[in-house]
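This report refers to the structure that appears directly beneath it.
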Amino acid sequence: MASIRRTLSPAFRDRPYVNGAGSPFSVPSPSQKLLSSSRYSPPFPSVILAFAVNVRRFIAGVLFHLPNRKGQQWRRGFYRCLLFFFLGFLLGLLPFGHVDDDEIRGRSNFDIEPPHVNVQFDTDNADPAVKRREDLVVDVSLGVVERSVDLVPRKQLIIVTPTYNHALQAYFLNRLGQLLGLVPPPLIWIVVETNTASMETAEILRKSGVMYRHLVCGNNSTSTNERGVYQRNTALEHIERHRLDGIVYFADDDNIYSLDLFDRLRDISRFGTWPVAMLWQSKNKAILEGPVCNGSQVVGWHTNEKSKRLRRFHVDMSGFAFNSTILWDPKRWHRPTSASIRQLDTVKEGFQETTFIEQVVEDESQMEGTPAGCSKVMNWHLHLEAHTLVYPKGWQLPQNLDVVLPIER
């Protein structure tokens, strides 16, 4: 059987072919056509065309070509994420629109101005029954309101209350605690007992909802006046040692106070005083004790008892308050001595107030009368001690008491 051998032409045997581009039996790729046509298009440089071809191949390989190897799969995924991240970054830099801040502020805020009233009077009408005619035109406009709010912190109030075990102790402490709960903070209530801190007092303080400190005075005295002096000195020592900053006020639990008093305490700079209404010991009349003021300047004192006319300052223990920094910062107030300020237990009854105030201020020029003119009574001293009543343990009576009341005819 005859065989036919077809030999290649010598013209095509030694010609190199790159990727089959020059093969007579291959179809030219679009990129090769682009390169071949670029030889005859001088406006596009070859470098730009080569870069465009490489970018086209990279995008096509990332988006459309499937990986030939298993190791190339994560690379193509990484390149895809990198490409979309770059495109998103470019889109984020494009300015799609701009809104003026003043325009937004003008749409969101409103300015309510007082109405403008235009009143016209008709004086040409001679009829006395109709003397005037009023045409009211009210215009309300809305606009922008810009107000600057200055937040001034309130001064801290340091309320000192000495207490002891007696029949009305629970009533007095609950009443005072409920009043202090209505005072805006900051406020700290220092309650001082003698010898031990009773559980009954601690329970009342916890239920009051007021920030408090429960102190114990070590000096045991049977005298009511001396006991109060020692307890207040314990509170003063605590304030000085811990450098508490605020307005110190001695508030006994048996007195009656108005809420306005605690609001005015925060207006005191150094030492403030005011008149106190007191019920006479015999409970048959009331007296007034405290300063006489010309505006906020103290010019005199109210006094009614002959035994107390020798005092330098005629004021009740609940009729003054002072800045706590006087106790532990004497340089600020130019005090002549740095000795501790305490109440004296060696003076007669009724002179504890004046001897204590003499350590705080020099004279009336360093005092502030409140309110203006000292024309308002803000607290009462009623002397409601019940010495004859039995103090029940835990303030609870285990059984009913048989009480015999005589009937007078």
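Predicted model, so just to flag it, every value in this text is computed and none were measured.
Looking at residues two or more places apart in sequence or on another chain, you find no ring pair (Phe, Tyr, Trp, His ring centres under 6.0 Å) involving Tyr230. By the ring pair (Phe, Tyr, Trp, His ring centres under 6.0 Å) test, His214 is found to be paired with no residue, residues two or more places apart in sequence or in another chain being considered. Remark: Arg206 engages no residue in a salt bridge (charged side-chain N to carboxylate O under 4.0 Å, His left out) (not counting sequence neighbours). The side chain to side chain donor-acceptor pair (under 3.5 Å) test applied to Glu203 returns Lys207, not counting sequence neighbours. In this view, His334 satisfies the ring pair (Phe, Tyr, Trp, His ring centres under 6.0 Å) rule with no residue, not counting sequence neighbours. Not a single salt bridge (charged side-chain N to carboxylate O under 4.0 Å, His left out) links Glu358 to another residue, sequence neighbours left out. The salt bridge (charged side-chain N to carboxylate O under 4.0 Å, His left out) test applied to Arg264 returns Asp260, not counting sequence neighbours. With sequence neighbours excluded, the residues forming a ring pair (Phe, Tyr, Trp, His ring centres under 6.0 Å) with Phe271 are Phe320, listed by chain and number. Shown here are the salt bridge (charged side-chain N to carboxylate O under 4.0 Å, His left out) partners of Asp252, two or more places apart in sequence or in another chain: Arg232. With sequence neighbours excluded, the residues that form a side chain to side chain contact (heavy atoms under 4.5 Å, CB included) with Leu259 are Leu179, Leu182, Val183. Shown here are the side chain to side chain contact (heavy atoms under 4.5 Å, CB included) partners of Val292, two or more places apart in sequence or in another chain: Val299, His302.
The only option from Gln231, Arg227, Gln169 that meets the side chain to side chain donor-acceptor pair (under 3.5 Å) definition with Thr163 turns out to be Gln169.
Among residues at least two apart or in separate chains, disulfide (SG to SG under 2.5 Å) pairs with a member in residues 335-382 are Cys293-Cys374.
For Gln359 (side chain) and Arg342 (main-chain N/O), a donor-acceptor pair under 3.5 Å exists by modelled atom type.
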